[in-house]
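Below is one structure; the comments refer to it alone.
Residue numbers start from 1 in every chain, and the chains themselves are labelled A, B, ... in the order their sequence lines are given, proteins ahead of strands.
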Amino acid sequence: MSEYQAVKGTRDIFPEEVAQWRYVEEIVHTLSTLCGFSEIRTPVFEYTELFQRGIGPTTDIVGKEMFSFLPDPKGRSVTLRPEMTAGVMRAALQKKLFSLAPLHKLYYIGELFRKERPQAGRQRQFSQFGAELLGVSSPAAVAEVITLMMQVFESLGLTGLKLRINTLGDTEDRLRYREALQLYFSPFQEILDDASKERLEKNPLRILDSKNPAVQELVAGAPRLYDYLKASSLQDFEKVLFYLAEREIAYVIDHRLVRGLDYYSHTAFEVSSAELGAQDAIGGGGRYDGLARELGSSADVPASGFAVGMERLLITMEKQGLFAALHPHGPHVYVVVQQQELADHALQITWQLRKAGIKSEMDLAGRSMKAQMRDANRIRASYVLFVGTMEYSTGLYSLKNLATSRQTTLSLEALLQFLQEVAVKEQPAL
RNA sequence: GUGAUUGUAGCUCAGUUGGUUAGAGCGCCAGGUUGUGGCCCUGGAGGCCGGGGGUUCGAGUCCCCUCAUUCACCCCA
């Protein structure tokens, strides 16, 4: 074991796996663009207050999971971003995007940081892709982001995902419901665990998704938010469901789905994967009409969005065998040199091939021909080009197809022409 | 933050009631074939047995501490 290892909760992604990431990222870029979203990249750290205000001081993320530090003794505290939405909204407000146009559709792929104990599907540094639709508040807008998210899953070939959806109503609805909940739970102090008691004061909605069996029994008899929704809120939700049904997106309504972040209102949703173990949420999101005001905006900027955990997505895809067809190919040509005196000549040819756009490789360690051949085989080269005294003197080179073991002798010009032709045929873009 | 789990070669793992120089398979390197790979055969390299302390004539094996891993809780992607 080496002296240094990756920091707890972080990991390295080696080339083979990077190919999987690129494949997924490609689809995210393509589909997001197709749906009219443009990419935004924001800093990995922000002033700590942004998250405190944006995510909410009662949340676990802000309460105990942030990596915060002081860049200089007199400086303001900054925090490695634990989620994306607050930063994106901040950027949009700072740039005064809404004075240019009322509506903005942004998407992102980026790294996040949360100080939690690592476990299956959970790291301290992880990645999410997501989209934010800023400036409109409507069922169509929520349906738009959900559809994009599900579209990505579908394009990747994922199956068996479960989309749960709920409505949290608007601020008024929730305020009335909140009181009802407090009234209902208050008599059961001895049944409630410590966390639930605290939530009873600060955010009683969160008691609903408690996993404590005793608490769950209570929750079963609790009043339903549904009954406290005003007609317009109910209509709003039903319209969202209508859009989903129309697009043949399967969902289940889950009245206990609350989600941990304070800024949600109306629709909230979550997608889980059976492949994931305890941390089975692969993506989630909702509508957050109040966030902009919370961040100091003088005007309302209603919004909705989603975020998908890249690592969890990749794990699920791996489990479902969706990377099987993804085999990164090696160089097109491996230049094998017979004698070390000819190594420079071989190098020169290798570079000629590369200049002609032919992916080429050569042994730089001065190993035996056998070793070079084995290497060519291992890195899955298509052809081997032999450079020996014979080739050097005649200018005619032997090219061997490793798959068929057939070998031909060609001049350098003919070689380049041939390889360029087969290269376009055999190496389609990723 | 809490609980449990596992640390022996690059990887997957053996290692008997504590007993000499710690093993296998795969991988890696070399040779068999001094101009030809995958298969096969032969050989080789590679281990502070996670780290520290203790018990013992003797510790990979037993005890304590520590670090790390993994899984779960909490919560979330």
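- Residue Gln279(A) places at least one side-chain N or O under 4.0 Å from the OP1 or OP2 atom of C73(B).
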Would you write out the dot-bracket form of RNA chain B, 5' to 3', with Watson-Crick and G-U pairs under 3.5 Å, [ ] for crossing pairs, | for pairs to other strands and . for unpaired bases? ((((.((..((((.....[...)))).(((((.......))))).....(((((..]....))))))).))))....
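- Nucleotides U16(B) and U5(B) are separated by 24 Å at their C1' atoms, to the nearest Å.
- With C1' as the reference atom, C57(B) and C73(B) are 48 Å apart, rounded to whole Å.
- Between the side chains of Glu391(A) and Ser398(A), a donor-acceptor pair is found at a separation under 3.5 Å.
- OP1 or OP2 of C29(B) lies within a sub-4.0 Å distance of a side-chain N or O belonging to Arg378(A).
- Distance from the side chain of Ser368(A) is smallest to G31(B) among U69(B), A72(B), G31(B).
- One P atom belongs to G7(B), the other to C13(B), and the distance between them is 10 Å to the nearest Å.
- Using P as the reference atom, U8(B) and C49(B) are 11 Å apart when rounded to the nearest Å.
- A distance of about 13 Å separates the P atoms of C11(B) and G47(B), rounded to the whole Å.
- Atom NZ in Lys8(A) sits roughly 18 Å away from atom P in G7(B) (whole-Å rounding).
- Take Gln125(A) and apply the side chain to side chain donor-acceptor pair (under 3.5 Å) test, not counting sequence neighbours, and it matches no residue.
- Atom name P, nucleotides C40(B) and G35(B): the rounded distance is 25 Å, in whole Å.
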Between the protein and nucleotides 41-44 of chain B, which nitrogen or oxygen pairs are less than 3.5 angstrom apart?
none

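- Classification of the Phe113(A)-Phe67(A) ring pair by plane angle, with boundaries at 30° and 60°, yields perpendicular.
- A donor-acceptor contact closer than 3.5 angstrom is absent between the side chains of Ser77(A) and Ser68(A).
- Atom pair Met84(A):CE and A77(B):P shows a separation of 13 Å (rounding to whole Å applied).
- In this structure, the side chain to side chain donor-acceptor pair (under 3.5 Å) partners of Arg81(A), at least two apart in sequence or on a different chain, are Thr42(A).
- Side-chain proximity of Gln119(A) to the nucleotides A30(B), U2(B), C73(B) is greatest for C73(B).
- Heavy-atom neighbours of Tyr47(A) OH from other residues, nucleotides or ligands within 6.0 Å: at or below the threshold of 12.
- A donor-acceptor pair shorter than 3.5 Å can be found between the side chains of Ser233(A) and Asp173(A).
- Put simply, the residue from Ser137(A), Ser304(A), Ser138(A) that forms a side-chain hydrogen bond (donor to acceptor under 3.5 Å, both in side chains) with Arg287(A) is Ser137(A).
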In B/S/- notation, 5' to 3', how is nucleotides 35-40 of chain B contacted by protein heavy atoms closer than 4.0 Å? BBBB--
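- Residue Arg367(A) places at least one side-chain N or O closer than 4.0 Å to OP1 or OP2 of C29(B).
- Going from atom CD of Glu116(A) over to atom P of U2(B) covers 15 Å, rounded to whole Å.
- Applying the side chain to side chain donor-acceptor pair (under 3.5 Å) test to every pair with at least one member in residues 368-378 of chain A, sequence neighbours left out, gives these pairs: Tyr334(A)-Asp375(A), Asp375(A)-Arg378(A).
- Closest-nucleotide positions on RNA chain B for Ser127(A) and Pro118(A) were compared, and the one nearer the 5' end corresponds to Pro118(A).
- In terms of position along RNA chain B, the nucleotide closest to Lys64(A) lies nearer the 5' end than the nucleotide closest to the other residue of the pair Lys64(A) and Gly121(A).
- Here, A9(B) and C29(B) have their C1' atoms 15 Å apart, quoted to the whole Å.
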